[in-house]
Structures are given as structure tokens and as C-alpha cells.
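We're numbering straight along the sequence, starting at 1.
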Amino acid sequence: KSVSFDKTVPSAWLLEVLTAAASACERGAQWRGALGIMSHLRKNALRPDVVLFSSLISACEKGAQWARGVALLSEMPSWRVAPNVISYSGAIGGCGRAGHWQWALFLADCLQRQARPSLERRRGQRV
């Protein structure tokens, strides 16, 4: 069920509420609820952060909706949110559980390529 919020509610507070709701969806494997949260974000032009996205992806993973989790992961850059290890882990786990190992390997490779530049920078900063 969709919930509407008064337009005077500060967006930072609303994002905190939606993040808590996303976490509850994750714990309960409620992927439909997670997609409802994403729909609400789009409708109200609210920008999710990596924590909220990761919870939504994990809800899809736990709800056996691997393709929806991958779609959310691929949508993150368009929101100017960089996926992290947790985001990728949720999508990779969903693919693995569903037996889509090719997708899991592809995403693992994407994560490795994303991490490589930061690892190389750290190597250059040896103490």
C-alpha cells in the first residue's frame, strides 16, 4: 500500500524513514515493498543513498528476485550513487541463489574493476 507524505516534511527526514522501511523490507524479503519505496523516491524526486539502495537490492535478493536486484544495481549511477561492496554482494547473491552464475561472475568482475583504481591509489600511498 502506498503511503503519501505531506510536502512540508523535510526530505532528509523522509529519506531516513524510507531507509528504515527499506531495511524492514530487506529483513522480511519483501521485494514488492522495496520496489514501492523506489517508486515513491522517483515520484517525489528524492535521491536515495548507497545504504538505501543496498537494502532494496538485498530485499530483492532475499525475495528471489535476482533480475530486479540487478536492475536496481544498474540504476544506481543514474542517481549519482556509486555502488559499494554491499550493493554488489546483494545482487551477486541473488544471481547465485537463482543459479545465474554467469551474471554473478559478471557482477563480481564489475566490482573488481570498480575497486581496482582505489586499490592502486592506496598502493601509491605507502607509509
Side-chain angles (χ1 to χ4, degrees):
K1 186 175 181 180
S2 179
V3 176
S4 63
F5 291 93
D6 185 336
K7 294 290 183 192
T8 62
V9 172
S11 61
W13 181 85
L14 184 53
L15 281 172
E16 284 184 39
V17 170
L18 292 173
T19 299
S23 181
C25 289
E26 175 188 1
R27 286 191 303 276
Q30 298 297 315
W31 63 272
R32 284 186 181 93
L35 295 180
I37 291 169
M38 197 64 206
S39 174
H40 185 78
L41 291 166
R42 285 185 193 105
K43 258 191 266 182
N44 293 286
L46 296 170
R47 187 170 160 250
D49 62 9
V50 69
V51 173
L52 197 145
F53 257 115
S54 296
S55 291
L56 298 176
I57 292 167
S58 291
C60 292
E61 171 196 8
K62 292 174 181 172
Q65 297 294 313
W66 71 273
R68 294 178 195 276
V70 171
L72 285 169
L73 180 72
S74 68
E75 194 175 331
M76 290 176 75
S78 68
W79 289 82
R80 295 187 185 127
V81 178
N84 64 13
V85 171
I86 296 168
S87 311
Y88 273 102
S89 293
I92 291 167
C95 293
R97 284 190 177 104
H100 294 282
W101 58 269
Q102 297 94 338
W103 272 100
L105 290 174
F106 171 75
L107 293 174
D109 184 58
C110 290
L111 173 60
Q112 184 178 12
R113 279 186 279 129
Q114 178 182 320
R116 190 171 290 137
S118 64
L119 290 174
E120 289 171 0
R121 279 194 302 273
R122 282 192 198 139
R123 283 189 202 126
Q125 298 174 351
R126 290 189 181 145
V127 182

Has Ser23 got a side-chain atom pairing as donor or acceptor with Thr19's backbone, closer than 3.5 angstrom? no
Give a yes or no on whether the backbone of Ala59 and the side-chain of Glu61 come within a donor-acceptor separation of less than 3.5 Å. no
Leu73 CG to Ile57 CD1 distance, which is reported to the nearest 0.5 Å: 4.5 Å
Atom CG of Leu105 and atom SG of Cys95: how far apart are they, to the nearest 0.5 Å? 9.5 Å
Ignoring hydrogens and angles, tell me if any N or O in the side chain of Ser58 forms a donor-acceptor pair with the backbone of Ser54 under 3.5 Å. yes
For the residue pair Phe53 and Trp79, categorise the inter-ring angle as parallel (less than 30°), tilted (30 to 60°) or perpendicular (more than 60°). perpendicular
Can you check side-chain contact (heavy atoms from CB on, under 4.5 Å) on Trp66 and His100, steps first, answer last? CA-CA 9 Å; Trp66 71 273; His100 294 282; 3.3 Å; yes
Determine whether a donor-acceptor pair (N or O, by modelled atom type, separation under 3.5 Å) exists between the side chain of Arg47 and the backbone of Arg80. yes
For the pair Met76 and Val50, evaluate side-chain contact (heavy atoms from CB on, under 4.5 Å) and give the outcome as yes or no after the intermediate values. CA-CA 8 Å; Met76 290 176 75; Val50 69; 3.9 Å; yes
Any carboxylate oxygen within less than 4.0 angstrom of a Lys/Arg side-chain nitrogen, looking at Glu75 and Arg42? yes
d(Leu72 CG, Leu35 CG) to nearest 0.5 Å is 6.0 Å
Run the side-chain contact (heavy atoms from CB on, under 4.5 Å) check on Leu41 and Leu15 step by step: do they pass? CA-CA 9 Å; Leu41 291 166; Leu15 281 172; 3.7 Å; yes
Distance from Met38 atom CE to Cys60 atom SG, nearest 0.5 Å? 10.5 Å
Evaluate whether atom CD1 of Ile86 has more than 12 neighbouring non-hydrogen atoms of other residues, nucleotides or ligands under 6.0 angstrom away. no
Check whether Gln114 reaches the backbone of Pro83 with its side chain - one donor and one acceptor, N or O, closer than 3.5 Å. yes
Test item: Asn44 side-chain N/O and His40 main-chain N/O as donor-acceptor pair under 3.5 Å: yes
For the side chain of Asp49 and the backbone of Val51, is there at least one donor-acceptor N/O pair under 3.5 Å apart? yes
Calculate, to the nearest 0.5 Å, the distance between atoms OG and CG belonging to Ser87 and Leu52 respectively. 10.5 Å
CG-SG distance between Leu56 and Cys25, expressed to the nearest 0.5 angstrom: 7.5 Å
Please answer: with hydrophobic residues joined when any side-chain heavy atoms are less than 4.5 Å apart, are Phe106 and Leu111 in the same cluster? yes
